[in-house]
There are 2 protein chains.
Amino acid sequence: MGARRQEHTRDELEALVVDAAEAIAGREGLGGVTMRRLAAAIGYAPNSIYHAVGDMDAIVLRLNARTLDRMTRSLKRRLAEAGDGAAAVDALVEGYMAFVHRNAGLWSGIVDYARPDKGPLPAWYEAALARPLALVDGALAPFFPDADDRRRSTAVLWAGLHGIASLAVSGKLGVVTGDDALPLARLLVHRYLAGREAA
Amino acid sequence: MGARRQEHTRDELEALVVDAAEAIAGREGLGGVTMRRLAAAIGYAPNSIYHAVGDMDAIVLRLNARTLDRMTRSLKRRLAEAGDGAAAVDALVEGYMAFVHRNAGLWSGIVDYARPDKGPLPAWYEAALARPLALVDGALAPFFPDADDRRRSTAVLWAGLHGIASLAVSGKLGVVTGDDALPLARLLVHRYLAGREAA
DNA sequence: ACACTTGTTGAACATCGTTCCAGAGGTTAA
DNA sequence: TTAACCTCTGGAACGATGTTCAACAAGTGT
């Protein structure tokens with residue numbers, strides 16, 4: 001049966017697939033992204049996706065890398081409008097929480113994707129993950145002149161924001177407090193910075 | 001075909017199911033827990049599980065509540081051996097991270113279980129979630145006399161530890177730092193406490 | 001003795017990711 | 001030109017999932 005259409009190059013097809021996955025995950029989360037739905041959305045058979053992009057894991061990694069880049073751009077925009085020092089840190093905190101709030105479906109696709117055991121993460125994915133972290137590292141520079149301490153603090157604050165956002169999105173934060181996520185995130189970062197002399 | 005065996009009461013059957021789920025999830029994570037495997041493990045047909053316990057969501061909630069109770073007991077044990085004040089807080093931090101490390105499969109079953117849309121969480125589950133939080137709240141009492149501030153701080157630090165543990169278990173922490181999770185968790189809590197006068 | 005409820009089973013349904021098979025068409029080599 | 005080959009393509013098939021259905025056995029109540 002199969003005929004060669006060649007209406008799209010492999011790269012075009014990959015972009016179509018990730019576009020469709022992005023649209024679905026943005027509305028319904030990763031759970032709504034299935035091979036057959038993607039195939040139907042782009043007008044191809046499931047098998048063509050395996051040819052052009054790879055299996056489900058490859059598609060999710062592609063989508064998540066794109067989401068990370070969108071967040072990086074959003075954070076950079078906010079950083080450009082803010083000043084230095086504490087203002088830059090606040091801009092990152094607000095930018096992060098706002099992005100998670102606006103793109104809850106895409107963001108939860110990153111954090112609660114339980115990856116099957118397929119070797120280490122690709123280098124391009126680790127790079128996409130490192131870009132927003134570099135922004136945090138830069139904003140923390142005035143507060144932590146020691147490079148080691150700054151690297152640790154970047155990890156701590158990044159993970160802390162991740163935790164607050166994660167519990168907030170899944171509603172588990174409401175058990176202990178009625179506060180919104182953003183004030184809690186601000187509190188975490190402000191007090192960590194204020195206590196930075198402690199070990 | 002169907003014969004009445006009545007070898008176990010409904011409660012016994014439920015315990016058998018959660019036991020089996022706990023054993024599997026402890027070894028392989030939630031992904032290995034399937035209805036047919038549970039049924040085979042306890043020697044019943046899948047449909048009997050639906051009769052005795054309910055659907056997959058009910059089983060996972062039961063299992064997660066049990067895991068939360070195990071963690072609560074573990075934290076209480078550590079608290080009993082530690083002193084008051086900063087020592088109690090340190091005991092909680094170490095206890096939390098140690099529990100996550102020792103029971104990675106069960107713990108990740110709690111945090112990255114994407115619950116389907118089945119109304120609000122049952123009251124007994126929220127209660128199981130509130131018990132460890134009460135321990136944190138108690139340990140923070142000497143540092144935050146104001147009840148509102150203490151509640152917020154409990155949420156912030158709980159979420160922060162959750163974030164660090166979550167990224168550590170999934171390996172994403174290694175992108176930014178080579179440090180172990182425990183020192184980072186200690187750093188987060190110590191500096192938050194040291195900076196508690198800040199807003 | 002008859003109806004009813006409860007437990008139980010194996011089969012069935014819809015869906016999932018993935019793979020297999022066959023075929024259509026362009027490209028390359030003789 | 002013709003033959004071989006490789007690359008897409010689509011549809012069916014495989015194994016597995018959660019869940020539901022239909023039938024039936026065995027107590028229980030009347």
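Below, chain A is the first sequence line, B the second, and so on; all start at residue 1.
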Say whether [X] and [Y], considering side chains only, have a donor N or O and an acceptor N or O under 3.5 Å apart.
X        : Y        : value
B:Arg151 : A:Thr177 : yes
A:Arg115 : B:Ser170 : no
A:Thr9   : A:Asp11  : no
A:Arg131 : A:Thr72  : no

Grab the [atom1]-[atom2] distance between [X] and [N] for me, whole Å please.
X       : N      : atom1 : atom2 : result
B:Glu7  : C:dT9  : CD    : C1'   : 14 Å
B:Met56 : D:dA16 : CE    : P     : 17 Å
B:Asp57 : D:dT19 : CG    : P     : 8 Å
A:Ile49 : D:dC8  : CD1   : P     : 15 Å
B:Asp11 : C:dG7  : CG    : C1'   : 15 Å
B:Tyr50 : D:dT17 : OH    : P     : 12 Å
B:Arg36 : C:dC13 : CZ    : C1'   : 11 Å
B:His51 : D:dT19 : NE2   : P     : 14 Å

Nearest to the side chain of [X] - [options]?
X       : options                : answer
B:Arg10 : D:dG18, C:dG17, C:dG7  : C:dG7
B:Thr34 : D:dT19, D:dG18, C:dT19 : D:dG18
A:Met35 : C:dT18, D:dT9, D:dG10  : C:dT18
B:Pro46 : C:dT18, D:dT19, C:dG7  : D:dT19
B:Asn47 : D:dT19, D:dT9, C:dT9   : C:dT9

Quiz item: With sequence neighbours excluded, what pairs up with B:Arg36 under the side-chain hydrogen bond (donor to acceptor under 3.5 Å, both in side chains) test?
Solution: none

Practice problem: Could you tell me whether A:Leu13 contacts a base, only the sugar-phosphate backbone, or nothing, with contacts defined as non-hydrogen atoms closer than 4.0 Å? | Solution: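 If one applies the 4.0 Å heavy-atom cut-off, A:Leu13 turns out to touch the sugar-phosphate alone, with no base involved.
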
